[in-house]
Number of protein chains: 2
Amino acid sequence: MEIEIWSDVVCPWCYIGKRRLEKALAGFEHADDVEIVYRSFQLDPSAPTVPTETVAEALGRKYGGGAEAGRQMVDRVEAVAAEEGLLFRHHQSLRVNTVDAHRLLHLAREEGRQADLKEALLSAYFVETENVADHETLARIAVGVGLDEGRIRAVLASDEYADDVEADIREAASLGATGVPFFVVDRKYGVSGAQPAEVFGQVLERAWSEAHPVLQMTNGADACGPDGCAI
Amino acid sequence: MEIEIWSDVVCPWCYIGKRRLEKALAGFEHADDVEIVYRSFQLDPSAPTVPTETVAEALGRKYGGGAEAGRQMVDRVEAVAAEEGLLFRHHQSLRVNTVDAHRLLHLAREEGRQADLKEALLSAYFVETENVADHETLARIAVGVGLDEGRIRAVLASDEYADDVEADIREAASLGATGVPFFVVDRKYGVSGAQPAEVFGQVLERAWSEAHPVLQMTNGADACGPDGCAI
């Protein structure tokens, strides 16, 4: 069974939804047979590589009221994150571009380290308030999950995997996703948003039973068997 | 979409069922995306390689009344075959072993000629009343559908593919088949017996829509989009 997860590294509901899916998987009998693939999505392709403001400042500028008002806007998401054991400092997170982080996630997928890199990037951004657009920061995080430093730097110095990032974003649109997180199970069931673990659990059970059906038989008499043919 | 067909070369309902499935496929919009795999089934593994009697004689001996009674027993199947455009002379067909024919069908599958060989063997047996256990006959038929004569003779002189024949038969049993023809679509839908083309058509439509689902969505509010995150 395959779960594709479209998400962005700077998307708070994506990290919360990831924890809720993980909770559902912990209670799912066939979790060992589930493969998770992270797909790229960019919420804000216009965000700068060199950050100029925090998320709270950006929100306060956009909606009025300054950094304090911006901070209040992320209060609820920080409270919900805490319920999932995630100590966000999202108001202090920097508004940055994520295309390079996504390119590294494609490299990591090829090397079988994608799940670890995804978790490390989300934690770096939301808990440690690191700049996940900075190449030195990205390289340190990617080395930390076991990727080869030479390959990491070669990817960062080029536009390698940029096509894959674009293809993922196009595919999300073709599947009807307008936001993230967006979970797709076996290309049959879609879950949008950070829904409760129970919802993920129900979708997992339904997808599993559909992927492992008891043969639905239509029986007819005109056949041959060990004792002869219908005459 | 994959249709696996368990059948035997000497099974009259298998040939009739094949025509009915073909009729259904002719009216099926996605027929070009359907792959058919013929799987082995032996109705009578004890049948001799060198034939000693016709099907009519064998039936008359088994059920009493001699060849004439045996011929009457196949009357209906010959009449039904005629309705499908198949001019069976099944009463004159020879009671023979089919393991070698099945081994060649496995070779033909590897060479992309299985459908042609299956049709040629069924026609040879039911219409031409040929001995489909005879190696010269088998070689001529297999050469006729484009298989390499050297490979054909090497397979016939060995027990190559015998394991595959056995594996197919075991798999039929594990799927609950006690006779043939036995059709399995995408390992989800089973059809036993030579059912009307309409039945095959319905199963094809159902299997197709299940294999190409519209994503079934569960939508939630806690997500991020181009205009920001739920707060």
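A note on names: the letters A, B, ... follow the listed sequences, proteins ahead of strands, and every chain is numbered from 1.
Neither the backbone nor the side chain of Asp44(A) has a heavy atom closer than 4.5 Å to any heavy atom of chain B. Contact annotation for Phe182(B): only side-chain heavy atoms (C-beta onward) come within less than 4.5 Å of a heavy atom of chain A. Contact annotation for Val184(B): only side-chain heavy atoms (C-beta onward) come within less than 4.5 Å of a heavy atom of chain A. Looking at Val203(B), the atoms closer than 4.5 Å to chain A (heavy atoms on both sides) all sit in the side chain, from C-beta outward. Residue Ala221(B): no heavy atom, backbone or side chain, is found under 4.5 Å from chain A. Contact annotation for Gln72(A): neither backbone nor side-chain heavy atoms come within less than 4.5 Å of a heavy atom of chain B. Contact annotation for Arg76(A): only side-chain heavy atoms (C-beta onward) come within less than 4.5 Å of a heavy atom of chain B. Both the backbone and the side chain of Ala230(B) come within less than 4.5 Å of a heavy atom in chain A. Of the two parts of Tyr63(B), only the side chain, counted from C-beta on, holds a non-hydrogen atom closer than 4.5 Å to a non-hydrogen atom of chain A. Val180(A) touches chain B through backbone and side chain together, each having a heavy atom under 4.5 Å away.
Within the 3.5 Å criterion, the main-chain N or O of Cys229(A) finds no donor-acceptor partner in the side chain of Trp13(B).
Side-chain atoms of Ile231(A) and Val74(B), non-hydrogen and from C-beta on, never get closer than 4.5 Å to each other. Residues Cys14(B) and Cys224(A) have side chains not in contact (no heavy-atom distance under 4.5 Å, counting atoms from C-beta outward). For the pair Gln195(B)/Thr218(A), a side-chain contact is recorded, criterion being any heavy-atom separation below 4.5 Å from C-beta on.
Within a 6.0 Å sphere centred on CG of Asp32(A), heavy atoms belonging to other residues, nucleotides or ligands number 12 at most. Remark: Asp163(B) CG is loosely packed, at most 12 non-hydrogen atoms of other residues, nucleotides or ligands lying under 6.0 Å away.
Considering only heavy-atom pairs separated by less than 4.5 Å from chain B, the leading option among Gly225(A), Gly190(A), Pro45(A) is Gly190(A). When each of Gly220(B), Pro226(B), Pro196(B) is checked for heavy-atom pairs under 4.5 Å with chain A, Gly220(B) comes out on top.
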